[in-house]
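The first residue in the sequence is number 1, and the count goes up from there.
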Amino acid sequence: METLRITDCENNISNIVYMYSGLSEVLSGSARRFSAYSEGSRSVLEIDATDDFADFIRAEIEDRIADIIAVNYKYACFSSSVHPYGLTDGEREILLSALIAADIDDDKHYIKRKIASETEYSVDGLFNFRLAPLKRKWAEVVSFIPKTFNCERLKDFIAFLLEEKRGYRVFVENGKVFDKHFRRLNRAFLTGRQYGDDKLLNELLLSGCGEVELLSSVTDREDELLKEYFGSKVVFGKTYFC
């Protein structure tokens with residue numbers, strides 16, 4: 001038996017909630033105990049793993065740590081610095097999701113390379129002390145973002161991203177987004193944008209997808225946003241019409 005421990009600062013308790021929620025679904029039956037709690041100034045998740053599943057659980061933990069840094073930490077960095085004139089608050093959030101998605105695969109790959117496989121993981125420690133080149137890269141991206149933007153330029157940017165990501169399809173069922181293995185994606189939670197009419201659009205952008213397959217109907221507003229930003233990249237599954 002091995003106890004794996006993930007921590008972040010108390011202000012980032014939502015990151016531990018994200019980790020707990022995602023792992024409890026994927027690791028059902030593979031871990032003996034999940035325990036989330038506060039310990040002084042730290043938010044903590046502990047997982048008891050049998051020797052047979054320890055490596056598998058560790059890989060899942062490290063993938064979600066990469067999610068947390070590539071989405072939550074990057075969102076915090078960009079949100080405080082990116083305020084282009086010409087966009088509504090909702091369009092600015094769409095831009096932030098698109099900027100995060102643009103390099104999310106490369107960012108996650110780099111982050112996972114920097115994680116030392118161990119029994120205790122400090123998310124903020126990893127970010128603060130081992131990812132200086134990534135932080136410099138993000139700062140450089142911010143410096144290139146125009147001071148003025150408009151909705152047409154935003155649509156063009158998203159269209160470019162979707163073309164770059166073509167071939168990677170995600171699925172929407174009952175308002176939830178799933179990857180090709182039908183694992184639920186919930187990255188919008190890491191930006192605090194898990195509610196509202198634009199939640200689905202932001203979730204799809206943060207998935208890094210190039211195509212969307214609808215397996216069930218969406219709301220009128222969600223349909224409007226999908227047509228506006230995804231256009232022909234939306235396809236309808238057989239169950240959509242049931």
Side-chain angles (χ1 to χ4, degrees), residues 14-15 17-30 34 56 59-61 63-64 66-68 70-72 74-75 90-91 93-109 151 154-242:
S14 60
N15 292 339
V17 172
Y18 174 82
M19 179 80 69
Y20 180 95
S21 176
L23 290 178
S24 60
E25 289 183 19
V26 173
L27 303 181
S28 177
S30 303
F34 281 88
F56 169 68
E60 293 290 337
I61 288 170
D63 187 67
R64 280 160 181 76
D67 264 353
I68 288 168
V71 179
N72 176 266
K74 190 174 184 180
Y75 178 84
E91 288 168 344
E93 289 297 328
I94 292 169
L95 174 62
L96 293 175
S97 293
L99 289 169
I100 290 169
D103 291 329
I104 194 166
D105 294 333
D106 290 341
D107 285 353
K108 285 190 62 175
H109 180 70
C151 60
L154 176 60
K155 291 175 190 176
D156 288 343
F157 178 48
I158 291 174
F160 169 77
L161 289 182
L162 294 176
E163 195 60 28
E164 287 286 299
K165 308 275 188 176
R166 67 180 183 274
Y168 174 44
R169 180 177 293 187
V170 295
F171 304 86
V172 175
E173 185 173 56
N174 299 325
K176 299 176 182 178
V177 179
F178 300 88
D179 66 13
K180 63 182 179 180
H181 303 295
F182 223 71
R183 288 186 177 186
R184 187 185 173 190
L185 300 174
N186 194 29
R187 289 172 175 169
F189 180 83
L190 293 170
T191 70
R193 303 290 297 185
Q194 69 268 38
Y195 305 107
D197 291 333
D198 59 351
K199 189 267 185 184
L200 177 61
L201 176 63
N202 282 297
E203 191 68 68
L204 290 170
L205 290 171
L206 291 168
S207 76
C209 71
E211 299 172 346
V212 178
E213 182 170 335
L214 299 181
L215 302 180
S216 63
S217 61
V218 296
T219 68
D220 290 344
R221 178 55 179 162
E222 288 169 343
D223 181 63
E224 180 183 338
L225 289 170
L226 287 175
K227 287 176 180 175
E228 186 173 5
Y229 290 101
F230 276 78
S232 63
K233 300 299 183 181
V234 178
V235 299
F236 299 92
K238 294 180 180 178
T239 57
Y240 179 87
F241 301 98
C242 296

To check you understand the geometry: which heavy-atom pair defines the closest contact between I158 and A98, and what is its length?
CG1-CB, 4.1 Å
Where the side chain of T191 meets the backbone of A188, is there a donor-acceptor pair that is under 3.5 Å apart?
yes
For D179 and R183, indicate whether the former's side chain and the latter's backbone hold a donor-acceptor pair under 3.5 Å.
yes
Shortest non-hydrogen pair, L162 vs Y229, comes out as CD1-O, 3.6 Å
Does K233 reach the side chain of E163, with side-chain heavy atoms less than 4.5 Å apart?
yes
Locate the shortest heavy-atom distance separating E91 from C151; write the atom from each residue and the value.
OE2-CB, 3.5 Å
I'd like to know if the side chain of K74 and the backbone of D107 have a donor-acceptor N/O pair within less than 3.5 Å.
no
Does the N72 side chain pair with the main chain of L190, one donor and one acceptor, at a distance under 3.5 Å?
yes
Kindly compute the distance separating CG (L99) from CD1 (I104), expressed to the nearest 0.5 Å.
12.0 Å
Quick check: does any side chain N or O of R221 sit under 3.5 Å from a backbone N or O of D197, one acting as donor and the other as acceptor?
no
One thing to verify: whether E173 and K176 come together as a salt bridge, which I'm taking to mean a side-chain N less than 4.0 angstrom from a carboxylate O.
no
Could you measure the distance from the CG atom of L206 to the CG atom of L201? Nearest 0.5 Å is fine.
9.5 Å
How many angstroms lie between atom CD of E203 and atom CZ of F189, to the nearest 0.5 angstrom?
11.0 Å
Atom CD in E228, atom NZ in K155: separation rounded to 0.5 Å?
4.0 Å
Other residues, nucleotides, ligands: >12 heavy atoms within 6.0 Å of F236 CZ:
yes
Side chain proximity check, E213 to Y240, heavy atoms < 4.5 angstrom:
no
Between Y20 and F34, what is the ring plane arrangement, given parallel below 30°, perpendicular above 60°, and tilted in between?
perpendicular
Does V234 reach the side chain of K227, with side-chain heavy atoms less than 4.5 Å apart?
no
What distance do F171 atom CZ and L204 atom CG have between them, rounded to the nearest 0.5 Å?
12.0 Å
Can you name the closest pair of heavy atoms from I100 and A70 and give their distance?
CG2-O, 3.4 Å
Which distance, rounded to the nearest 0.5 Å, do you find between the CD of E93 and the CG of N202?
6.5 Å
Quick one: closest heavy-atom pair of A102 and L161, and the distance?
CB-CD2, 3.7 Å
Of the non-hydrogen atoms in D67 and K108, which two are nearest, and what is the gap between them?
OD1-NZ, 3.0 Å
Check for a donor-acceptor pair, side chain of S216 on one end and backbone N or O of N174 on the other, with a separation under 3.5 Å.
yes
Determine whether L225 and L200 satisfy the following criterion, side-chain contact (heavy atoms from CB on, under 4.5 Å), listing intermediate values before the conclusion.
CA-CA 9 Å; L225 289 170; L200 177 61; over 6 Å; no
Heavy-atom check, side chain of V235 versus side chain of R169, under 4.5 Å:
yes
